[in-house]
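Just follow the structure's listing: the first ligand is 1, and inside any ligand the first atom is 1.
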Amino acid sequence: MKILSGNSNKFLAKKISENLNLPLVKAEITRFADNEVYVEIKENVRGEDIFIIQSTSCPANDNIMELLIAIDALKRASAKRITAVIPYFGYARQDRKSLPRTPISAKLIADIITKAGADRVLTMDLHATQIQGFFDIPVDNLFAAPIFANDIKKNFKDRNPMIISPDVGGLIRARAIAKKIDAELGIVDKRRPKAGISEVMNIIGDVKGKDCIIIDDIVDSGGTLCNAGDALIKAGANSVFAYITHGILSGKAIEKVKNSSFETLVITDSIDQHENTNLTNKIKILSIADLFATAINNTTLEKSVSTLFD
Ligand code: R5P
């Protein structure tokens, strides 16, 4: 087995490589003068089981091209099996025709990753689990839920936690955590009048006096999160927290979180967060490196990965 890192999240790749006690493959992944991607694998990978770690986060298009070109380089260097390890799979929210004459970009990205030569995909908290079916190769979709549930159990012992899904789409994800920590479940009835704008219509469940914990897969502009947080406080919640797998945090999201009613926003390092954590102490990071290291190890040893779901 060998592991290679793209440029999107070198910190996570380094942690995974340390956990596996395996150095990263020597490679040059840079840009030509005109910004085209250049990849050179600087060691022999013939016959190897290779894992390339690359989140397709912002700049998504550049990171996707890096992933594709690195896969092509590995394939042409005769790697035996190539697993695209994509802790954050971008373009996932475009998973259906939401309006006439719109694309299903998640399917297109799945197709090009497969066409480039990936044999498997290892990812986490896909926006919609059905995206697994967009690939004609095996996809292992890990969950942050066990990591989140352990942290909640540890930190909410003396509180009155209630798990909240910020929209109907996130209900299954939130329910899984509510079940794990044996807490009540509430739902925010969110509407999106247009892309990027969200409005809270209603809160389903009695949140009075509760320490509400919002569970979601993505915080992007922060609109969904902060609107839900405000609505929960208005409805009588004692405090609000959030556990969100992928911290995209684009635009003014950090400002919003800083000025919000949230005590803490817990996110994973599926996307590199070094700059964001310097901007506010409201953000806490839980690392997924050990989870991915175990999943990579189990994959190469042909052992079960689903044992990591609990
Ligand atoms: C929506 O279905 C997702 O689960 C997230 O709630 C959404 O993508 C968050 O986006 P934003 O932070 O821009 O509201």
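When Thr245, Leu249, Ile215, Asp220 are ranked by how near their heavy atoms come to atom 12 (O) of ligand 1, first place goes to Asp220.
Ligand 1 has no atom lying under 4.0 Å from any heavy atom of Gly169. In this structure, Leu225 falls outside the shell of residues with a heavy atom less than 4.0 angstrom from ligand 1.
The protein heavy atom nearest to atom 6 (O) of ligand 1 is Asp216 OD2, 2.6 Å. Among protein heavy atoms, the minimum distance from atom 4 (O) of ligand 1 is reached at Asp217 OD1, 2.5 Å. From the protein, the heavy atom lying nearest to atom 13 (O) of ligand 1 is Ser221 OG, 2.6 Å. Protein heavy atom at the shortest distance from atom 14 (O) of ligand 1 is Thr224 OG1, 2.5 Å. Shortest contact from atom 10 (O) of ligand 1 to any protein heavy atom: Arg192 NH2, 3.5 Å. At the shortest separation from atom 2 (O) of ligand 1 among protein heavy atoms lies His127 CE1, 3.2 Å. Annotation: atom 9 (C) of ligand 1 to nearest protein heavy atom, Ile218 O, 3.4 Å.
Here Lys256 has no heavy atoms under 4.0 Å from ligand 1, in either its backbone or its side chain.
Counting the atoms of ligand 1 from 1 in the order shown, those under 4.0 Å from a heavy atom of Asp167 are 1 (C), 2 (O), 6 (O). Near Lys190, with a cut-off below 4.0 Å to any heavy atom, the atoms of ligand 1 are 1 (C), 6 (O). Against a heavy-atom cut-off of under 4.0 Å, Arg93 is close to the following atoms of ligand 1: 8 (O).
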Please report the C-alpha distance between Phe292 and Phe51 in whole Å, then the side-chain angles of each, then the deciding distance to 0.1 Å, and finally whether the ring-ring contact (aromatic ring centres under 6.0 Å, His included) criterion is met.
CA-CA 11 Å; Phe292 270 81; Phe51 296 81; over 10 Å; no

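Note: Thr294 OG1 to Asn19 CG = 6.0 Å, rounded to the nearest 0.5 Å.
Asp62 meets the side-chain hydrogen bond (donor to acceptor under 3.5 Å, both in side chains) test with no other residue; sequence neighbours excluded.
The main-chain N or O of Gly247 is found under 3.5 Å from a side-chain atom of Gln273 such that the two form a donor-acceptor pair.
Contact annotation: the side chain of Leu108 never approaches that of Ile104 to less than 4.5 Å [non-hydrogen atoms, C-beta and beyond]. Asp119 places none of its side-chain heavy atoms less than 4.5 Å from the side chain of Lys80.
Salt bridge status for Lys284 with Glu263: absent, with no side-chain N to carboxylate O gap under 4.0 Å.
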